[in-house]
Student: 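Submitted below is the structure of interest, expressed as structure tokens.
Residue numbers start from 1 in every chain, and the chains themselves are labelled A, B, ... in the order their sequence lines are given, proteins ahead of strands. These numbers were taken from a predicted model, which means no experiment stands behind them.
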2 protein chains.
Amino acid sequence: MDEIDRNITVALQLDGSAGLAELAKVAGLSVSATAERVKRLEERGVIRAWRADLDPVAAGCPLLVHILVTVAPGRDETAFRMAMRRQETVLECHAITGDWTYLLKVRLADLPALDAFLNDELRAQSGVQRVETLLAIATVKETSILPVAPATEE
Amino acid sequence: MDEIDRNITVALQLDGSAGLAELAKVAGLSVSATAERVKRLEERGVIRAWRADLDPVAAGCPLLVHILVTVAPGRDETAFRMAMRRQETVLECHAITGDWTYLLKVRLADLPALDAFLNDELRAQSGVQRVETLLAIATVKETSILPVAPATEE
DNA sequence: GCTGAAAACATCGCACG
DNA sequence: CGTGCGATGTTTTCAGC
């Protein structure tokens with residue numbers, strides 16, 4: 001993970017469709033050397049996948065909500081976690097520090113869909129004690145581009 | 001946005017490197033018809049970009065925190081929003097309903113980096129009254145794959 | 001580990017069903 | 001609107017440094 005790899009990963013997060021010729025310029029390397037770097041980044045698991053980035057509104061899920069959940073302590077939370085993983089409206093589910101147990105990020109079509117999710121999917125889960133819904137009024141920023149750290153060499 | 005477009009967008013979110021031949025099979029269409037669909041989805045802004053999906057740990061930002069922020073009411077929040085947009089450790093920033101004003105999603109290298117972010121970047125912003133940090137202990141699920149709704153035809 | 005060129009492949013454009 | 005073929009450009013491979 002040297003400076004060249006860092007430049008490559010940043011560039012590929014911004015635009016993965018540019019092609020190796022353009023990427024080689026950014027890296028300051030030849031085309032085949034660049035291709036080898038990219039291949040190694042994939043093999044090492046740094047690059048997990050190549051994805052199309054969709055517009056949430058165009059995809060039909062303009063409503064964004066974060067949901068704080070408290071699950072009864074002492075219970076087996078495996079069932080809850082599996083249920084969250086299965087739900088494709090649940091984009092994220094993190095176990096967190098503080099008063100709450102989980103924080104969810106959920107994308108939905110509209111308020112009826114939110115109502116249905118809260119009642120049928122979330123509160124229906126055994127162990128769920130308390131739920132607080134934070135509705136996003138405006139999204140100031142939403143990116144999946146990670147700041148690649150000048151970190152560990154290998 | 002018919003069933004075929006839906007299948008295409010789902011497939012391209014899961015793996016955008018497969019190529020048109022493979023995608024045509026999923027779509028049940030010819031290669032060139034599939035290419036035209038993809039092109040139209042890009043033109044319509046449904047597909048915003050093609051990106052490399054990185055592993056956060058390998059990228060050197062294993063620490064994930066969500067931060068709730070209260071900004072003093074009546075103030076001009078443009079400066080705050082611009083500051084959040086500039087920070088590349090801030091992956092998301094949403095204005096939300098409820099007791100808090102904003103919810104941030106932040107990825108960092110370690111706890112010293114979090115300390116620096118809270119003191120130098122966040123609390124340094126004028127108008128910031130209250131901050132609560134939710135540290136992610138475990139990530140049950142984290143995806144950027146949107147559930148493409150069987151929604152509006154065009 | 002990087003370079004450069006040749007072979008293999010996928011994409012794009014056009015005429016046709 | 002979908003299909004198939006040819007032209008173009010890109011990725012992949014390989015010998016050499």
Side-chain angles (χ1 to χ4, degrees), chain A residues 1-55 57-60 144-154, chain B residues 1-55 57-61 144-146 148-154:
Chain A
M1 248 306 182
D2 58 359
E3 173 108 31
I4 298 172
D5 281 336
R6 211 153 53 245
N7 290 338
I8 289 173
T9 48
V10 169
L12 289 179
Q13 283 188 102
L14 291 167
D15 183 9
S17 69
L20 289 172
E22 189 112 348
L23 192 63
K25 282 188 229 165
V26 177
L29 255 49
S30 74
V31 173
S32 21
T34 308
E36 207 175 307
R37 291 266 188 164
V38 174
K39 197 178 151 196
R40 252 184 68 78
L41 286 166
E42 288 179 306
E43 283 166 358
R44 283 167 50 197
V46 180
I47 297 174
R48 287 191 295 200
W50 301 93
R51 304 217 143 96
D53 178 48
L54 301 194
D55 175 32
V57 177
S144 59
I145 297 164
L146 302 177
V148 184
T152 57
E153 57 185 80
E154 197 172 314
Chain B
M1 248 309 181
D2 57 358
E3 173 109 31
I4 297 172
D5 281 335
R6 210 152 54 244
N7 290 338
I8 289 174
T9 48
V10 169
L12 289 178
Q13 284 187 101
L14 292 167
D15 183 9
S17 70
L20 289 172
E22 188 110 349
L23 192 62
K25 282 188 229 164
V26 178
L29 252 50
S30 74
V31 173
S32 20
T34 308
E36 207 175 308
R37 291 267 189 163
V38 174
K39 197 178 152 198
R40 254 183 67 78
L41 286 165
E42 286 178 309
E43 283 167 356
R44 283 168 49 197
V46 180
I47 297 174
R48 287 191 296 201
W50 300 92
R51 306 215 137 97
D53 178 51
L54 302 194
D55 175 31
V57 176
C61 41
S144 60
I145 297 164
L146 302 177
V148 185
T152 57
E153 57 185 78
E154 198 171 316

Student: What are the two closest heavy atoms between B:A27 and B:I8, and how far apart are they?
Tutor: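 Smallest heavy-atom distance, with atoms named: CB-CG1, 4.0 Å.
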Student: Spell out, as yes or no, whether a donor-acceptor pair under 3.5 Å connects the side chain of B:R51 to the backbone of A:Q13.
Tutor: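 A pair under 3.5 Å: yes.
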Student: Hey, are the side chains of B:E43 and B:K39 touching, using non-hydrogen atoms and a 4.5 Å cut-off?
Tutor: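 In short, these two side chains touch, coming nearer than 4.5 Å.
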Student: Quick one: B:L23 CG to C:dC12 P, roughly how many Å, whole number?
Tutor: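 Interatomic distance, CG of B:L23 to P of C:dC12: 12 Å.
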Student: Calculate the interatomic distance between B:L20 atom CG and D:dG4 atom P; express it in whole Å.
Tutor: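 Rounding to the nearest Å, CG of B:L20 and P of D:dG4 are 15 Å apart.
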Student: In whole angstroms, how far is the P atom of D:dT10 from the CG atom of A:D15?
Tutor: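 The answer, rounded to whole Å, is 13 Å.
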Student: May I have the distance from A:L29 (atom CG) to C:dG1 (atom P), rounded to whole angstrom?
Tutor: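 Going from A:L29 (CG) to C:dG1 (P), I get 12 Å.
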Student: Nearest whole angstrom, please: distance from the C1' of C:dA10 to the CD of B:E22.
Tutor: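 Distance check: B:E22 CD to C:dA10 C1' gives 13 Å.
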Student: Considering only heavy atoms from C-beta outward, does the side chain of B:N7 approach that of B:V10 to under 4.5 Å?
Tutor: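 The answer is no, as the side chains (C-beta and beyond) never meet within the 4.5 Å cut-off.
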Student: Find the distance A:E43:CD to C:dG1:P and express it as a whole number of Å.
Tutor: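 Between P of C:dG1 and CD of A:E43: 12 Å.
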Student: Specify the separation, in whole Å, of atom NZ of B:K39 and atom P of C:dA10.
Tutor: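 B:K39 atom NZ is separated from C:dA10 atom P by 21 Å.
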Student: Give the nucleotide from the list D:dT12, C:dC2, D:dG2 with an atom nearest to the side chain of A:V31.
Tutor: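 Ranking D:dT12, C:dC2, D:dG2 by closest atom to the A:V31 side chain puts D:dT12 first.
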Student: Round to a whole Å and report the spacing from CG of B:D2 to P of D:dG2.
Tutor: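 Nearest whole value for this atom pair: 9 Å.
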Student: Look at the side chain of A:S32 and the base of C:dG4, then say whether one donor and one acceptor between them are separated by less than 3.5 Å.
Tutor: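 For A:S32, whose side chain was compared with the base of C:dG4, there is a donor-acceptor pair (under 3.5 Å).
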Student: With respect to the phosphate group of D:dC1, does any side-chain polar atom (N or O) of B:R37 fall under 4.0 Å of OP1 or OP2?
Tutor: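 No.
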